[in-house]
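Naming convention: chains lettered A, B, ... in sequence-line order (proteins, then strands); numbering from 1 in each chain.
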Amino acid sequence: MRAGKFLTLLAFSVALCGCLKPVRSEDDPNHITVWEQEDSTVAPYIDATLEAFRKLPGNERVTVSRVHYSNEDLRQQYQTAAIAGTGPDLIMCPSDFGGVFAVAGFILPVDGLFDLSIYNKAVMESVLLEGKHWGIPTSNGNHLMFMYNRKFVKNVPQNTDELFKYCDTEAKKYGLQNCLAFDGGEPFWFTPWLGGFGGWPLDKRTPTLDTKPMREAVDFYLDLRYGKKVIPQECDYNCMDALFKEEKVAFIINGDWSVFSYAGSLKDNYAVARIPMVSKTGLWPSPMVSGKFFMINARLQKDERKLKLARELIKFYTNRENQVRQVKELKRLPSLTEANTDQSVVGDPLLKASMEQILVGKPMPMATEMRPTWDSMRQYLGKIMTRKVTAEEGITKMQQDVSTKIGEMNR
Amino acid sequence: MNPIVASLTEVFQMVFFVLWSVFLVEAYLYLHFKKYEEKWFTPAMLAGVPLAGLVYAITAVGPAIPGSIMAAIAMYAFLVELAAIPFFKLVVRGRYSLPLMMIAPGFIGLAMLIAYPLVFEFYLAFHDLKLTTLKVWAETGSIPFMGFQNFVDVFVKSPLSEVTFWRLLLRTLGWTFVNVFFHVVGGFALALVLNNEIKMKGLYRTLLVIPWAMPQVVAVLAMRGEFHSQYGFINVMIERALTAMPWLAHLGIQKVEWLSQHPFLTCTMINVWLGIPFMMVVILGGLQSIPKSYYEAASIDGASAVQKFWNITLPLMRPVLAPAVTLGTIWTFNNINIIYLVTGQAGGTEEADILVSALYKAAFTYNRFSYSAAFAIVIFAILFLVSMLWLKYSKGTDSAYG
């Protein structure tokens, strides 16, 4: 009898404990968590769009939360969370994140989940890996552009000779300490110039760093810093951003994500153009082009209700109405083919210039080999630019290092 | 539901869950300590514990839980209880019930937070988990066995691009020694000054504690900006000094590219600045506990200030300094924040990396998880050895008055 009472009490207590087990937001079929790495000025647009989705008829019980991370933090945090089988339902990130996530099984391929034919073909190609697409684009581009301040620049330089001439003459008249600013430590800013000398970091899945174009591009980079002295010393992203906003430089090379912010701070003085042609080669620098993408956590494969909700959210976020609103508010090119012809796109000079830049850009490789290539480029470009190794030695080691890293990855 | 209300609900739910779990643990222990001699105890436990496991699984996960998993839960719970019953009946026999029941929740919590990750760390170190094996691991639950290969790799392969383990170790020891040395010397000097009767002592103490009191991320990023070659405070001051006194240039004084040319020195300078206040506070507390009568007696005997410091202050400060230096050594050895924030998060330069920052990059930039697990175990062993040797030879655990 006592044993019976005891067992009843025990069962009741344990059941209560089970019921009390905290419900994680990821287990809530009506809740979607989105992690993003956007500029802080973009947050109000994302929040407004997610809120609009929440207010759609039938979504009364739906909640959506957005969490911001810096670029690298998003990659690392998502990776850590995904290994543990958790993490957000959706991430918004550039296409190059997808390569690693796809191979590791952290994200779902979107083929069969969406009608992919409605999106710009070129953008979709940047998330194509092993015959599958791994994301839905929210915008077209995510590319670097040449931006300038009309207060200092009346005629935008078309090639590097004109740029250097401007920096040597007019920039000094305005008392500008430096003429051009960009993040010299990040290889993403180096690749347009590498393309301008006829090179590219990856040939399909093989790193192509120890090449003649790489040597020429590195020499050009060194000349910008130590010879012509047109760029500031030790300038990272925050530094270049502050210099341009505070009108201490005439030009900046930055991505389409920053257009909205600069248009707000510099108003009519802000303008966009193609990165000047490399006079020596006659080639246009070719920034990497992809876009921003929604990628779906692989965890959702086992959760049909949540996957359905995530699909509805993505479809809503990328519908024509929101794509046009994004164009107007963020000055980003749409990913939806149908929105390409909207007057807000064809009639906006900033977007027109952005499209001009895309035309000479190249798709960002999604292959996993891109990750170690970035890491090796960052390491040795840093050494070369601080003159701790010669350009020749640095480039040779860069190639050896990336080969070692890929070897270890595929061991 | 409002997101704030939802978050609060989640927190309260978690608190209730933890409290109820503690209650269950205590109830389990109470029965095993106090009722182990009852007739019904053995059959009730053998039936009740597996049943409790099943009830918990169904209520927590849902009724859709696969039958095979249910059977496994019941079987393991039965086997655990089968081992627990003779242990409590024959070994424990109701002794030490109160202390054991008191420490049980804390012990279980620590076991889950420390023991499990540590065991998993060892598992990883002997296997091969990396980017390309993650998917296989997630799908099959198994990864290739590597034996001691990862431990060998730690010593022969660079965790990054160029810098070797041995160079990192040497740099880390240098980093730790230089930082702790300046923390102690600077902290001691300031504490000695503040220990005197000076006007506005409270204000000075507050100002000196600011670097330590403010969030480290803010302090480090602010200092990083001050080391910028063109716009940082330090180079601006050097530039102004050179303008006012051009002859300084002949002495070799010039603007320095701190972050790109001397990243390790920059990190060290920032960490010295950050660490002095902690030592100052600890040492000041120690100084204030030394009876003044010792100094008065020494003065009557004609002792000089240096003799008083050497023969009274320093020996009596040993019980305070030894744990503070040990803690400072461990914190500095493991201080990833400064390196990470000053040299860039996305890989950055390797020239300022110490063991722990290289470990972080190996794991989360280069995705070498198993290698990093072995690397972490090696770092732990080094730190453990250094701390034990320091405590032994500094006699820091001995009493000053003993």
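- From Leu131(B), atom CG reaches atom CZ of Phe101(A) across 10.0 Å, with rounding to the nearest 0.5 Å.
- For Thr396(A), the side chain to side chain contact (heavy atoms under 4.5 Å, CB included) partners at least two apart in sequence or on another chain are Asp210(A), Glu392(A), Gln400(A).
- Side-chain contact check for His228(B) versus Cys239(A): some heavy-atom pair is nearer than 4.5 Å.
- Taking CG of Asp401(A) as the start and OG of Ser158(B) as the end, the distance is 8.0 Å to the nearest 0.5 Å.
- Taking chain A as the reference chain and counting heavy-atom pairs below 4.5 Å, the highest number among Lys39(B), Glu257(B), Arg368(B), Glu351(B) is found for Glu257(B).
- Residue Leu19(B): no heavy atom, backbone or side chain, is found under 4.5 Å from chain A.
- With a 4.5 angstrom heavy-atom cutoff, Tyr371(B) does not touch chain A via any of its atoms.
- Donor-acceptor pairing under 3.5 Å is recorded for the side chains of Lys405(A) and Ser161(B).
- Between Glu234(A) and Tyr231(B) the shortest side-chain heavy-atom distance does not fall below 4.5 Å.
- Contact count versus chain B (heavy atoms, under 4.5 Å) is highest, among Asn178(A), Asn71(A), Thr368(A), for Asn178(A).
- Neither the backbone nor the side chain of Asn30(A) comes within less than 4.5 Å of any heavy atom in chain B.
- The environment of OH in Tyr76(B) is sparse: at most 12 heavy-atom neighbours from other residues, nucleotides or ligands sit within 6.0 Å.
- At a 4.5 Å heavy-atom cutoff, Asn238(A) makes no contact with chain B through either its backbone or its side chain.
- The side chain to side chain contact (heavy atoms under 4.5 Å, CB included) check on Leu265(B) picks up Trp258(B), His262(B), Met269(B), with sequence neighbours excluded.
- When heavy atoms are compared at a cutoff of 4.5 Å, Ser376(A) does not approach chain B at all.
- Expressed to the nearest 0.5 Å, how far OG1 of Thr365(B) lies from CZ of Arg75(A) amounts to 6.0 Å.
- Although no hydrogens or angles enter the test, the distance criterion places no donor-acceptor pair under 3.5 Å between the side chain of Gln230(B) and the main chain of Pro232(A).
- Pro372(A) does not touch chain B: none of its heavy atoms, backbone or side chain, sits under 4.5 Å away.
- In this structure, the portion of Gln79(A) lying under 4.5 Å from any heavy atom of chain B is its side chain and not its backbone.
- Glu162(B) has a carboxylate O that lies under 4.0 Å from a charged side-chain N of Lys383(A), or vice versa, which qualifies the two as a salt bridge.
- Comparing Ala104(A), Gly105(A), Ser65(A) by how many heavy-atom pairs each has under 4.5 Å with chain B, the most go to Ala104(A).
- To the nearest 0.5 Å, atom CD1 of residue Ile83(A) and atom CG of residue Leu134(B) are 5.0 Å apart.
- The CZ atom of Phe364(B) sits 11.5 Å away from atom CG of Asp73(A), with the distance rounded to the nearest 0.5 Å.
- Heavy-atom minimum distance, Glu408(A) versus Lys130(B): O-NZ, 3.2 Å.
- In this structure the side chain of Tyr360(B) reaches within 4.5 angstrom of the side chain of Gln76(A), judged on heavy atoms.
- Residue contact with chain B, scored on non-hydrogen atoms closer than 4.5 Å, involves the backbone and the side chain of Thr386(A) alike.
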